[in-house]
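Notes to accompany the following structure.
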Amino acid sequence: MNYKETWQSVLTFLERDLSKGVIATFFGTAELAEIGEGRARILCPNRMALEQLRAHQSQLAEAFRTVCGEDHQFSFEIKPLVNTIPQDPGTLFHHAPPNGLADSYSFENFVVGISNQLAVGVARAVAEQPGALHNPFFVYSGVGLGKTHLLHAVGNSIKERIPDARIIYASAERFTTEFIRSIQSQQTAASFRRKFRSVDALLIDDVQFLASRTASQEEFFNTFNELYLAGKQIVIASDRHPAEIRDVQQRLVSRFAGGMITDIQEPDLEMRLQILRRKAADQQAQVSEEVLLSLAQKIEGSIRQLEGALHQLVAVARAQQAAPTEELLNAVVKTTMPVNPFITPSDIIGSVCRAYRITAEQLCSPKRSREVVLPRQVAAHLLHQISKASSNQIGELLGGKDHSTILHGLGKIEKQLATDEILKNQVESIRGEILGKNR
Ligand code: ADP
Ligand code: MG
């Protein structure tokens with residue numbers, strides 16, 4: 001395997017732990033420069049990516065261990081800029097599709113249900129009368145629930161009706177990278193401005209990755225204002241409500257709040273089933289209603305995961321020239337949610353107890369004092385992440401708690417992890433210990 005292939009395999013492995021978005025945004029743009037003698041040197045395109053890779057070191061270590069069969073020490077460096085700046089400013093955006101829009105995401109292939117009907121309604125209105133009704137339009141949700149799809153659908157739909165409308169789809173990360181590259185010379189800086197400020201609709205994805213208090217956020221603010229004042233449509237997607245985005249300045253948050261904010265909820269069973277029917281038909285795959293229902297029952301939450309499991313089922317069935325049966329489905333679902341056989345739930349509980357200096361009895365007791373509630377939530381979180389235990393199983397493991405209590409706790413800790421850096425570090429280090437990093 002050459003470096004490139006090794007890195008690709010590592011990325012594939014990381015999909016077990018991290019969202020595709022995070023991987024594509026931060027890991028996909030990095031490269032493995034050197035590996036050998038237990039060391040791996042990784043080049044990152046920018047500081048943001050570097051910090052993200054650092055923050056996910058334990059997952060990275062685990063992935064390398066699996067791919068290469070040994071442990072590595074990592075060094076992270078920022079790629080020297082000289083190599084990435086094209087000589088001719090005209091070629092600056094040459095490799096990206098000019099407007100970033102992916103044809104395959106449309107309103108036609110977006111299933112509407114209770115969980116997303118408001119967001120879709122607003123998106124359609126925005127596509128019909130860009131700039132007029134809901135500006136900006138801010139949509140947020142957890143991962144894999146269709147934000148990116150919806151942004152592209154808006155862009156494609158405008159494009160369909162007004163073929164020469166200028167539309168740009170870009171992730172906040174891409175906006176930032178292009179901006180940073182552009183300020184190397186006056187010429188490129190000017191062409192960056194022209195590019196983003198001359199559009200009729202600007203679609204910015206994953207805005208939570210806008211770097212804090214930097215020139216690029218300033219640039220985004222100015223771009224936003226200019227477009228907004230000119231009555232151009234702005235659509236923004238994020239993994240959380242504007243008020244909860246930590247790194248974004250207050251004045252930008254209040255701009256976001258000036259338009260329409262909607263969220264997308266997790267799909268209910270009926271909608272999951274409908275999505276599966278739709279995707280199976282798109283792939284011209286004959287999958288029985290029972291198998292689809294069973295899949296819809298097995299995978300809740302992310303539509304991306306649902307779609308991934310169906311893909312895999314169909315692919316495996318085709319490869320084996322067999323029908324996609326319930327049995328095959330069970331095998332597939334098991335592998336899409338791998339369980340680490342070497343780590344038992346009691347390893348996880350043990351590590352959490354050690355870290356918080358409490359006993360397993362205390363952790364599993366009915367007590368609800370602060371000293372045990374947080375460790376319990378951390379344990380639930382790690383049991384969920386590492387052992388892929390269901391809320392029912394976690395409830396059992398933690399002394400017979402109700403699954404709704406566990407779900408509530410999981411929600412709470414995840415929210416907290418998103419904002420509390422100290423807690424995040426604590427949990428990362430416990431996780432590292434469990435995965436054998438510090439042993
Ligand atoms: P997000 O940006 O919220 O993480 P994506 O837009 O990337 O999610 O969606 C993940 C996958 O699920 C994509 O392949 C998308 O096409 C699909 N998807 C999401 N919601 C729907 C829906 N309502 N109907 C059909 N496909 C959907
Ligand atoms: Mg997305």
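Everything quoted here is computed from the prediction, not taken from an experiment. Counting convention: from 1, in listed order, for ligands and their atoms alike. Note that the numbering runs from 1 along the sequence shown for the chain.
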Would you call [X] and [Y] a salt bridge, taking side-chain N to carboxylate O under 4.0 Å as the test?
{"X": "Glu428", "Y": "Lys424", "result": "no"}
{"X": "Arg65", "Y": "Glu62", "result": "yes"}
{"X": "Glu219", "Y": "Arg197", "result": "yes"}
{"X": "Arg255", "Y": "Glu226", "result": "no"}

- request: Classify the ring geometry between Tyr140 and His241 as parallel (under 30°), tilted (30 to 60°) or perpendicular (over 60°).
  value: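 Perpendicular, since the angle between the ring planes exceeds 60°.
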Residue that, paired with Phe220, satisfies ring pair (Phe, Tyr, Trp, His ring centres under 6.0 Å) out of Phe175, Phe196, Phe179, Tyr228: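 Exactly one candidate clears the test, Phe175.
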message: Once side-chain contact (heavy atoms from CB on, under 4.5 Å) is applied, do any residues pair with Arg277, and if so which ones, sequence neighbours excluded?
response: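 Checked Arg277 against side-chain contact (heavy atoms from CB on, under 4.5 Å); matches are Glu270, Leu273, Gln274, Glu289, Leu292.
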query: So which protein residues pack against ligand 1 under 4.0 Å, heavy atoms counted?
result: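 Residues within 4.0 Å of ligand 1: Tyr105, Asn109, Phe110, Val111, Asn116, Ser141, Gly142, Val143, Gly144, Leu145, Gly146, Lys147, Thr148, His149, Met271, Lys279, Ile303, Arg304, Glu307.
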task: Kindly say whether Val143 contributes a backbone atom to a donor-acceptor pair with the side chain of Arg304 at under 3.5 angstrom?
output: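 A pair under 3.5 Å: no.
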task: Sort by chain and number the protein N/O/S atoms that are closer than 2.8 Å to the Mg ion (ligand 2), and list them.
output: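 Those protein N, O or S atoms (cut-off: under 2.8 Å from the Mg ion (ligand 2)) are Thr148 OG1.
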Counting only pairs under 3.5 Å, give me each side-chain donor-acceptor contact of residues 117-139, with atom names and distances, residues two or more places apart or in other chains.
from	atom 1	to	atom 2	distance (Å)
Asn135	OD1	Gln233	NE2	3.2
Asn135	OD1	Ile234	N	2.9
Asn135	ND2	Lys232	O	2.7

